[in-house]
Amino acid sequence: DGNVPFSCSQSFHIVILGLDCAGKTTVLYRLRFNEFVNTVPTKGFNAEKIKVSLGSKRQKLRPLWRSYTRCADGIIFVVDSVDSERIEEAKTELHKITRLAENQGVPVLVVANKQDLRNSLTLAEMESMLALGELSMATPWHLQPACAIIGEGLQEGLEKLHAMIMKRRKTLRQQKKKR
Ligand SMILES: Nc1nc2c(ncn2[C@@H]2O[C@H](COP(=O)(O)OP(=O)(O)OP(=O)(O)O)[C@@H](O)[C@H]2O)c(=O)[nH]1
Ligand SMILES: [Mg+2]
């Protein structure tokens, strides 16, 4: 159905975070242009407005905004699956971010990137080393295996993030009504 009413499209503020060299810029360009770019280390930060399609069958176009502002609707946390030396550091950062007052309850898509490399950690190893089970009960999360250079896993991950955001919005709406 090509005739999607305009009111169906919604904007989301998504921040992409992660240690240097995790693949954030690669993920961003995959989402932005659906193509691979040869990256250089990012100085400062990228701020881009991107539009990607979400929704399994209907492929509704929903703008997805990456923003560095507070009040993000969702966080994409990119982790290098082969960098076992710095996974502890990634874990610390992830837990720090989700504990911030303004991020309470904000859904997190943890991207286990570079799964194409032979020596990458398994999902189970990533989950335990990042101590995802120890994240606050309020923080919904999903661990998504991905290969950002070819874009594998990103669409699936985005759809999971989208579902978590919509679920949270619904819960917040219901809580408001009760008050
Ligand atoms: N093999 C493989 N390499 C990847 C993948 N994703 C990113 N890379 C490579 O990893 C390197 C770092 O990627 P970037 O996207 O620049 O990482 P970044 O997180 O933006 O890094 P900073 O800007 O330094 O913070 C680049 O050489 C990418 O080509 C992947 O899925 N598989
Ligand atoms: Mg970068």
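On a predicted model such as this, the values are computed, not experimentally measured, just so you know. All ligand and atom numbering here is 1-based and tracks the order in the structure.
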Point to revise | N/O separation below 3.5 Å, Ala148 to ligand 1 | key: yes

Check your understanding: Knowing that exactly one of Asn113, Leu143, Ile87 qualifies, which makes a side chain to side chain contact (heavy atoms under 4.5 Å, CB included) with Val79?
Key -> Ile87

Practice item. Salt-bridge test for Lys24 and Asp80: reply yes if a basic N is under 4.0 Å from a carboxylate O, no otherwise. Key: no

Practice item. Decide, counting backbone as well as side-chain atoms, whether Thr26 has an N, O or S atom less than 2.8 Å from the Mg ion (ligand 2). Key: no

Practice item. Start with the C-alpha gap between Leu17 and Val78, add the side-chain angles, then the distance that decides, and say whether side-chain contact (heavy atoms from CB on, under 4.5 Å) holds. Key: CA-CA 6 Å; Leu17 305 169; Val78 186; over 6 Å; no

Point to revise | Proximity winner for atom 22 (P) of ligand 1, if only heavy atoms of Gly18, Cys21, Ala146 are counted | key: Cys21

Practice item. Starting from the C-alpha separation in whole Å, work towards a yes-or-no answer on side-chain contact (heavy atoms from CB on, under 4.5 Å) for Asn103 and Thr139. Key: CA-CA 9 Å; Asn103 291 334; Thr139 304; over 6 Å; no

Exercise for review: Determine, considering heavy atoms only, which of Thr26, Ile16, Ile150 sits nearest to atom 7 (C) of ligand 1.
Suggested key: Thr26

Check your understanding: Under 4.0 Å from any heavy atom of Leu19, which atoms of ligand 1 are there?
Key -> 19 (O)

**Study point:** Close side-chain approach of Lys167 and Met164, heavy atoms under 4.5 Å
**Key:** no

**Study point:** Minimum non-hydrogen distance to atom 8 (N) of ligand 1, winning option of Arg30, Lys114, Glu152, Lys24
**Key:** Lys114

Exercise for review: Specify the closest pair of heavy atoms between Ala138 and Pro140, including all atoms of both residues, with the distance to one decimal.
Suggested key: O-CD, 3.1 Å

Exercise for review: With heavy atoms under 4.0 Å as the rule, classify the contact between Asp116 and ligand 1 as side chain, backbone, both or neither.
Suggested key: side chain

Check your understanding: Under 4.0 Å between a Lys/Arg side-chain N and an Asp/Glu carboxylate O for Asp73 and Arg169?
Key -> yes

Point to revise | Atom indices of ligand 1, in the order listed, that fall short of 4.0 Å to a heavy atom of Leu117 | key: 1 (N)

Practice item. Return yes or no for this condition: an N or O of Thr25 is under 3.5 Å from an N or O of ligand 1. Key: yes

